[in-house]
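First up is the structure itself, then whatever we jot down about it.
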Amino acid sequence: MKTLLLVLTIIISETIMSQNYDFEQNLYQSYDRYKESSLTHRRFKHADIIPLIDKLKHKNGFTVKVVGKSVEGRELKLITIGKGKTKIFMWSQMHGDEPTATAALFDIFNFINDPANKEFCSALFDRVTLYFLPMVNPDGAERFKRRNFYDIDLNRDASRLQCPEAIILKTVFDSLKADFGFNLHDQSHRYSVGNSFRTATISFLAPAYNYEKDFNDVRGNAVKLIGNMFNSLSQFIPGHIAKYSDEYEPRAFGDNFQKWGTSTILIESGGWKDDPEKQFIRKINFIALLSAFKSIAEESYVNTSSDIYESIPFNDKYIFDVILRNLTVKDGKKQIKIDIGINLDEFEGPNEKKIFYRSQVDDLGDLSTFFAYKDYDFEGYTIERASVYEKKVYALNKLEKIDFYDLYSKGYSTILVKELPDEKFTRLPINLALKNRIDTTINIGESANFVIKKDGKIKFIVINGFLHKVEKERKFSGNGLIIK
Ligand SMILES: [Zn+2]
């Protein structure tokens, strides 16, 4: 009788988990209901997530345990839920400036706590137990930087284990001996899916466990599960899924965890157009992980062909932030046609919620095999280096009244000021300098400050990589450089 009951329970839960609606579509449609509303951008800190974790202590089914402290004493907490025999361990943000998946984990906690998902979750937790270790590198997150307090890359400390955060991760791993592991990171938004004109929004990897990149059952299961996740996500981000470099790295956690018997999957959150804070990619992480839990619980990955994994293109680098195409440069009587590839590197302003960018010309010439988040065709236009307005030296308290249209239409990207503010950037759409040190040619490695002309008249100006149409009555907002 007991056996019969057990069989019945399994049959019932099977149907609960594989109801006929599209699970992932449903997650996609209902996501806003679960999105943790206190996390709204990428620069949240340890202090922002601790209250959210502590709230879970009072929720049915969750246990929260302090498993150690970072160099600066920030607590790392392991969150557990489920009573199934298949163990799934996931850890996020061992690189402090890679928070996208951390936010998604809190969305998943909200999903689990929502009464609407009770049946699904109870069936899930009969089969699997979930272990979450969010924000492995809180000291790095505090400064929004990759490495930990000692400036050590924790993902190169899996073997030597010199940092407390690495020791904690290894100790938790050893205590669990999980069946599946999810290693959650962010990658550059400038990776493309192979040489396609598409951003690598999510990149997967089943890390190699030796230099020969052999496959065994442990790695094979990770490969199959990635096949399932690839299929699940392709309906939302078709063509935007890539594979991370599969070179064996003996100092990295993912590679070692694979070697030590946990089927390990690396998920890298990359780039998506018009999503600089990666909130859409966070939603994709939410779907990817829940979809993976379901595949594991149902063992539906078992029959998935490894061909899917094999067919995923590797990350490549065919993306710029900005490309200005088909511009004519005049050199005396000679004319040449160029494309200009510009990248924008991100910096935190004095107020951490305001982000600034520093532009750099990274390539010149024929960039027809590349693409950009902002891609402009300037066929028929000429380009010159913008110049410095030297007839006046401005007092800092007079800057707000500047007529930018007037300066732009005369080709000026930079003004002189009496003293430089003690910052690197200005919210004004113009660069500030003490004296004219700006070159007049267009060179790789320099910031992007240009005028773009048609029939001898200035139509556009580029200030620190940002393109402005030069029109009267236009409101210009900006991200100027303070040139020291
Ligand atoms: Zn990383």
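Whatever order the structure lists ligands and atoms in, that order sets their numbers, starting from 1.
When you scan the N, O or S atoms of H95 for the one nearest the Zn ion (ligand 1), you land on ND1. Summary: ND1 is the N/O/S atom of H185 found nearest to the Zn ion (ligand 1). The Zn ion (ligand 1) sits nearest to atom OE1 when only the N, O or S atoms of E98 are considered.
Taking backbone and side-chain atoms together, E268 has no N/O/S atom less than 2.8 Å away from the Zn ion (ligand 1).
D255 and K259 are not joined by a salt bridge, as no carboxylate oxygen comes within less than 4.0 angstrom of a charged side-chain nitrogen.
Relative to the six-membered ring of Y301, K224 misses at least one condition, a distance below 6.0 Å or an angle of at most 45° to the axis. For K283 and Y28, the positive end sits near the middle of the six-membered ring, less than 6.0 Å away and at most 45° from its axis.
One finds the NZ atom of K145 at 8.0 Å from the CG atom of N137 (value rounded to the nearest 0.5 Å).
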